[in-house]
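This report refers to the structure that appears directly beneath it.
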Amino acid sequence: MADNGTATITLTLDGTNQSASLKLRAGTIGPSVADIRSLYNELGIFTFDPGYGGTAACESKITYIDGDAGVLLYRGYPIEQLAEHSTFLEVAHLLLNGELPNAAEKRLFEHGVLRHTMLHEQIRSFFNGFRRDAHPMAVLCGVVGAMSAFYHDSLDINDPEHRRISAFRLIAKVPTIAAWAFKYSIGQPFVYPRNDLGYAENLLYMMHAVPTEEYRVSPVLARALDLILILHADHEQNASTSTVRLAGSTGANPFACIAAGIASLWGPAHGGANEAVLKMLAEIGHAEQIPDFIRKVKDRNSSVRLMGFGHRVYKNYDPRAKIMQRTCHEVLGELGIKDDPLLDLAVELERVALHDEYFVSRKLYPNVDFYSGIILKAMGFPTSMFTALFAVARTVGWISQWKEMVEDPSQRIGRPRQLYTGAPRRDYLPLSARG
Ligand code: CMC
């Protein structure tokens, strides 16, 4: 890159005298990008990058990841510092507005979220339409999408005040929807949110309280859940965030966009991995079975993967996984669980994998989901709720990224192109002429 920050890449099409000059753009940190927007006009070719591994789909100021060094920054702040000193709502303010709040802003922001946790009462009836055994992610996806039918007064995406209110509504109400999805599945009455409780505290309360007795939320568990929410709040242009941006690029309302993000998060390669880790540990059952399981993972003919391991961007230890591992021990300590067979099995599985050439050579390390499931299980959450809790946290990242995109003057509808390898043009054959 030239000293003045300008540089170009010149591409020449072999065998022709056609060439294109692509401008290089430097970020604050991280790799520069080649601006390929003129490529089609100049050379008549597209770029090809299935899975977008080498493509920057947008410009963003929110989250930075250095996958080789294992670095994660929210608005420039290292995740380790935020995890140690901050709270989820403070991080939400940071992601959404770009700065940590001062004392007055913090009060105002917390008030905005914690006083809007109640759902429109008619939304209650939606839950009765689902089967009792519906997965909480199915319910979450449906009910969040349905929010667009209830909050008409904040759907104008071109009005900054509407965008602000929708963001508050989503951050405040998604925990209530998630908790009610759980209550519905176990046949218990819905527990209404309480304005005097903190964000994570309220979520624990709505999940675990029953009307027949007093429920006191453990401050240690509330802090642990708050920390888990911080670690999951945003993660650059991952699959679900890109889904939210793509849906939002059409001008769709924020509730519809977040519902699309929830659907994308559900898959086992993404947010569904924490649930899959526990299923995997249960299937392995005992440390003696680990070698056999690792053999299956390495077998090219099997589709078995070591869930909670590997990441598209991190080719080093996921910084969130390190914090998660520490928190796991703290939570089990608080709950008086001295020997947890699942944790012991996970630790041994991690040890074996980190010493195995297959995982070492492919730079496969534990990701955030490897330990989060064990903590959430110990806290009394059923496995089916794990991804829903991830969605609660990620709602903040999604809505921050959506807002950034809508406010970006260079934003256009997302419309990727393709390499077509199907049949060339051919003529319709009548049924009698088809072989
Ligand atoms: N177990 C076994 N082999 C693996 C794994 C794994 N978990 N992950 C990657 N590999 C192998 C893969 O088979 C391939 O090997 P080869 O080069 O011999 O064909 C190589 O590593 C590269 O894998 P890839 O599929 O090209 O990598 P990717 O960047 O497309 O996939 C991933 C990333 C996260 C989908 C994948 O690592 C995975 O499926 N992990 C398990 C699911 C998981 O834990 N997901 C949570 C991700 S973190 C939270 C989140 O994003 O929501």
Side-chain angles (χ1 to χ4, degrees), residues 49-55 63 65 67-68 70-72 79 137 140 228-245 260-281 283-284 290-325 346 349-376 383 385-398 401:
D49 185 18
Y52 311 114
T55 296
T63 294
I65 302 173
D68 294 319
V71 168
L72 170 61
I79 191 68
M137 285 297 277
L140 198 60
I228 292 173
L229 297 177
I230 292 174
L231 296 183
H232 286 86
D234 195 46
H235 212 228
E236 209 224 43
Q237 306 309 320
N238 55 82
S240 56
T241 301
S242 299
T243 304
V244 169
R245 278 187 178 258
I262 293 169
S264 172
L265 185 76
W266 194 354
H270 193 7
N274 51 14
E275 187 177 342
V277 168
L278 276 219
K279 282 197 187 123
M280 172 189 76
L281 291 174
E283 270 161 33
I284 297 174
I290 291 177
D292 195 42
F293 175 74
I294 294 283
R295 241 189 320 278
K296 278 192 221 143
V297 169
K298 287 156 54 172
D299 180 357
R300 285 207 168 270
N301 299 318
S302 98
S303 55
V304 180
R305 284 203 162 193
L306 177 48
M307 300 312 284
F309 255 68
H311 197 273
R312 169 59 63 80
V313 181
Y314 293 120
K315 300 303 168 197
N316 198 326
Y317 219 99
D318 178 341
R320 303 168 301 172
K322 274 193 196 148
I323 303 170
M324 210 54 108
Q325 191 189 37
L349 187 57
E350 177 187 3
R351 192 193 64 76
V352 171
L354 290 178
H355 288 88
D356 189 301
E357 198 277 331
Y358 174 94
F359 298 93
V360 174
S361 63
R362 287 170 180 75
K363 299 188 176 163
L364 300 170
Y365 291 88
N367 60 48
V368 68
D369 289 323
F370 194 69
Y371 284 101
S372 64
I374 297 173
I375 308 182
L376 294 173
T383 37
M385 273 306 290
F386 294 177
T387 315
L389 293 169
F390 191 157
V392 169
R394 190 53 62 84
T395 295
V396 164
W398 290 329
Q401 301 264 354

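For ligands, and for the atoms within them, numbers begin at 1 and follow the listed sequence.
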Exercise. Check whether more than 12 heavy atoms from other residues, nucleotides or ligands sit under 6.0 Å from atom OH of Y358, and answer yes or no.
Key: yes
Quiz item: Looking at ligand 1, does any of its N/O atoms fall within less than 3.5 Å of an N/O of V368?
Solution: no
Quiz item: Starting from atom 24 (P) of ligand 1, which protein heavy atom do you reach first, and at what distance in Å?
Solution: R305 NH2, 4.2 Å
Quiz item: Counting each atom of ligand 1 from 1 as listed, which ones have a heavy atom of Y358 under 4.0 Å away?
Solution: 2 (C), 3 (N), 4 (C), 11 (C), 13 (O)
Quiz item: In the protein, which heavy atom is nearest to atom 19 (O) of ligand 1, and how far is it?
Solution: R300 NH1, 3.7 Å
Quiz item: Near V297, which atoms of ligand 1 are under 4.0 Å from a heavy atom of that residue?
Solution: 1 (N), 2 (C)
Quiz item: Hey, does K315 come in under 3.5 Å of ligand 1, counting only N/O atoms on both sides?
Solution: no
Quiz item: Quick one: CZ on F386 to CG on L376, what's the gap to the nearest 0.5 Å?
Solution: 5.0 Å
Quiz item: Against heavy atoms of G271, which atoms of ligand 1 measure under 4.0 Å?
Solution: 52 (O)
Quiz item: Does a side-chain heavy-atom distance below 4.5 Å link K322 with Y317?
Solution: yes
Quiz prompt | Protein heavy atom at shortest distance from atom 1 (N) of ligand 1 | solution = L306 N, 3.0 Å
Quiz item: Should you measure from each heavy atom of G308, which atoms of ligand 1 turn up under 4.0 Å away?
Solution: 43 (C), 44 (O)
Practice problem: May I have the step-by-step check of side chain to side chain donor-acceptor pair (under 3.5 Å) for Y371 and E350, ending in yes or no? | Solution: CA-CA 10 Å; Y371 284 101; E350 177 187 3; 2.3 Å; yes
Practice problem: Please check if the side chain of H311 supplies one atom and the backbone of D318 the other of a donor-acceptor pair under 3.5 Å. | Solution: no
Quiz item: Considering only the protein, which heavy-atom contact is closest to atom 34 (C) of ligand 1, and what is its distance?
Solution: G310 O, 3.7 Å
Exercise. Could you tell me whether a side-chain N or O of N274 sits under 3.5 Å from a main-chain N or O of G373, the two making a donor and an acceptor?
Key: no
Practice problem: Give the residue and atom name of whichever protein heavy atom lies nearest to atom 40 (N) of ligand 1, and the separation in Å to one decimal. | Solution: F309 O, 3.0 Å
Practice problem: Taking only Lys NZ, Arg NE, NH1 and NH2, and the carboxylate oxygens of Asp or Glu, determine whether R295 and D292 approach each other closer than 4.0 Å. | Solution: yes
Quiz prompt | Pair F390 and H235, ring centroids less than 6.0 Å apart | solution = no
Quiz item: Should we say atom NZ of K298 is surrounded by more than 12 heavy atoms from elsewhere, each under 6.0 Å from it?
Solution: yes
Self-check item: Atom pair CG/CZ of N367 and R320 - distance to nearest 0.5 Å
Solution: 7.0 Å
Quiz item: What residue and heavy atom of the protein are closest to atom 17 (O) of ligand 1, and at what distance?
Solution: R362 NE, 3.9 Å
Quiz item: Non-hydrogen atoms of F390 versus ligand 1: any pair closer than 4.0 Å?
Solution: yes
Quiz prompt | Sub-4.0 Å heavy-atom approach of N238 to ligand 1 | solution = no
Practice problem: With heavy atoms of A273 as the reference, note each atom of ligand 1 found under 4.0 Å away. | Solution: 43 (C), 44 (O), 45 (N), 46 (C)
Quiz item: Out of curiosity, F309 CZ to R362 CZ, how far, rounded to the nearest 0.5 Å?
Solution: 13.5 Å
Quiz item: Considering all heavy atoms of both residues, which atom of I375 and which atom of M324 are nearest to each other, and what is their separation?
Solution: CD1-O, 3.5 Å
Quiz item: If you measure from each non-hydrogen atom of L364 to ligand 1, which part falls under 4.0 Å: side chain, backbone, both or neither?
Solution: side chain
Quiz item: Can you tell me the protein heavy atom closest to atom 45 (N) of ligand 1 and the distance?
Solution: A269 O, 3.0 Å
Practice problem: Starting from atom 33 (C) of ligand 1, find the nearest protein heavy-atom neighbour and note its residue, name and distance. | Solution: R312 N, 3.7 Å
Practice problem: Output yes when a protein non-hydrogen atom is found under 4.0 Å of atom 26 (O) of ligand 1, and no otherwise. | Solution: no
